[in-house]
Amino acid sequence: SKSKQLCAFSPNGQYFVCANDVYHRTGTDNLQWKWHCKLKNTPVKRVLAVEFTPDSKTIVSARLSGEIGLFRAVDGQQIGEPFRRPENDGKPSFHSESITVSPNGQLAACSTINNDIDVLDIENRRYLLTLPSHDGGRILDLHFAPDNRTLISAGANSMEPSVWDIHTGKLVRTIPVHVNSENRSIDTAAFSPDGRWLVTGMNGPDGTIRIWDLKHNRGVWTRSQPG
């Protein structure tokens, strides 16, 4: 299965974070990397996933405790109190290995071991909603579309990636995958920059890659990657 999302580059290419360590680009040739700082109050063994906001200034970190923290990339200082699913939700939220930030930097989504998805308003610092698991499968990959309101999730036990509307919390559609093997799953998916196309990757003997036309909800290109 896909490994945990423990490392991430900043969009401007000046930083990368691995677990709770932040490094920055340095040297006269700008090709060297130097340890910069640690994310404060974040033990390395408690970090499950990290991601940068699009402006490269903030690191979003999902922790084993169920909290999601925001940290300044420049010095590792935590920004305010960490996010946590409301206690009256009925289910504890322990985060898993996939986290994503919307293109405008306002929202974050993180998978949980409950096989659902927590969505947060990181700009206004509030928990928004929880998206239910579509088929009970473990969620391995999450991506926002360029419209900042559409989210796709792909999971280890899911034959059909799910497309969600964050504004309504509703399942918009599933991406049809016409295969009949228990040994395969769609475990990764990503949108094109214009949001029109979707690429999906299938775990299994043939490693099938497909391109989907979301406007007409159909596959338009397929290639197998044996091995």
Rounded to the nearest 0.5 angstrom, the CD1-CG distance for Ile166 and Asn148 is 10.5 Å
Not counting sequence neighbours, which residues clear side chain to side chain contact (heavy atoms under 4.5 Å, CB included) with Ser56? List them please. Ser10, Pro11, Asn12
Indicate, with yes or no, if Leu6 and Trp33 share a hydrophobic cluster defined by side-chain heavy-atom contacts under 4.5 Å among Ile, Leu, Val, Met, Phe, Trp and Tyr. no
Write down the atom of Pro146, the atom of Pro193, and the distance for their closest heavy-atom approach. CG-O, 2.9 Å
Just how far is it from atom CG of Asn115 to atom CD1 of Ile139, taken to the nearest 0.5 Å? 6.0 Å
Begin from the C-alpha positions of Leu171 and Arg173 and carry the test side-chain contact (heavy atoms from CB on, under 4.5 Å) through to its verdict. CA-CA 6 Å; Leu171 178 67; Arg173 71 176 82 172; over 6 Å; no
Ring pair (Phe, Tyr, Trp, His ring centres under 6.0 Å) filter on Phe52, not counting sequence neighbours, yields none
Name of the residue among Val50, Val17, Asn20 meeting side chain to side chain contact (heavy atoms under 4.5 Å, CB included) with Ser61: Val50
Smallest separation among heavy atoms of Lys38 and Asp21, with atom names: NZ-OD1, 2.8 Å
For Gln14, enumerate each residue passing the side-chain hydrogen bond (donor to acceptor under 3.5 Å, both in side chains) test, keeping only those at least two apart in sequence or located in another chain. none
To the closest 0.5 Å, what do you measure between NZ (Lys34) and NE2 (His24)? 5.5 Å
May I have the step-by-step check of side chain to side chain donor-acceptor pair (under 3.5 Å) for Thr130 and Asp118, ending in yes or no? CA-CA 5 Å; Thr130 296; Asp118 281 345; 3.0 Å; yes
If you measure from CD on Gln5 to CD1 on Ile99, what distance do you get to the nearest 0.5 Å? 7.0 Å
According to side chain to side chain contact (heavy atoms under 4.5 Å, CB included), who are the partners of Thr58, at least two apart in sequence or on a separate chain? Thr53, Leu70, Ile79
Between CG of Leu151 and CH2 of Trp164, what distance do you get to the nearest 0.5 Å? 9.0 Å
Report yes if the distance between the aromatic ring centroids of Phe9 and Phe16 is under 6.0 Å, otherwise no. yes
From Asp147 CG over to Phe191 CZ, what is the distance, rounded to the nearest 0.5 angstrom? 7.5 Å
Minimum-distance pair of heavy atoms, taken over all atoms of Ala73 and His36: O-CD2, 3.4 Å
Restricting to salt bridge (Lys or Arg N to Asp or Glu O under 4.0 Å), what partner residues turn up for Arg72, sequence neighbours left out? Asp75
Which residues pass the ring pair (Phe, Tyr, Trp, His ring centres under 6.0 Å) test with Trp197, not counting sequence neighbours? none
Residues in side chain to side chain contact (heavy atoms under 4.5 Å, CB included) with His167, at least two apart? Arg149, Asp165
Sorted by chain and residue number, the salt bridge (Lys or Arg N to Asp or Glu O under 4.0 Å) partners of Asp121 (sequence neighbours excluded) come out as Arg126
According to salt bridge (Lys or Arg N to Asp or Glu O under 4.0 Å), who are the partners of Arg196, at least two apart in sequence or on a separate chain? Asp213
So is Arg125 actually on top of Phe83's ring, under 6.0 Å and inside 45° of the axis? yes
Looking at every heavy atom in both Gly69 and Arg63, which two are closest together, and how far apart are they? CA-NH2, 4.1 Å
Is there a side-chain contact (heavy atoms from CB on, under 4.5 Å) between Phe144 and Val101 once you walk through the steps? CA-CA 7 Å; Phe144 278 98; Val101 177; 5.8 Å; no
Over all atoms of both residues, closest heavy-atom pair of Leu142 and Ser98: N-OG, 3.2 Å
What are the two closest heavy atoms between Phe71 and Lys40, and how far apart are they? CE2-O, 3.2 Å
Test item: His143 side-chain N/O and Thr100 main-chain N/O as donor-acceptor pair under 3.5 Å: no
Looking at residues at least two apart in the chain, or sitting in another chain, which of them share a side-chain hydrogen bond (donor to acceptor under 3.5 Å, both in side chains) with Ser102? Asn104
State, with a plain yes or no, whether a side-chain heavy atom of Thr200 is found less than 4.5 Å away from one of Ile209. no
Are Trp35 and Tyr15 joined in one hydrophobic group, where the rule is that I, L, V, M, F, W and Y side chains link up if heavy atoms are under 4.5 Å apart? no
Test item: Asp141 side-chain N/O and Ala189 main-chain N/O as donor-acceptor pair under 3.5 Å: yes
Heavy atoms, side chains only, cut-off 4.5 Å: are Thr222 and Thr208 in contact? yes
Full working for side-chain contact (heavy atoms from CB on, under 4.5 Å) between Leu120 and Leu128: CA-CA 5 Å; Leu120 310 169; Leu128 284 181; 6.0 Å; no
Would you please test Ile59 and Leu39 for side-chain contact (heavy atoms from CB on, under 4.5 Å) and show each step? CA-CA 9 Å; Ile59 297 167; Leu39 303 183; 3.9 Å; yes
By side chain to side chain contact (heavy atoms under 4.5 Å, CB included), Lys170 pairs with (sequence neighbours left out) Thr168
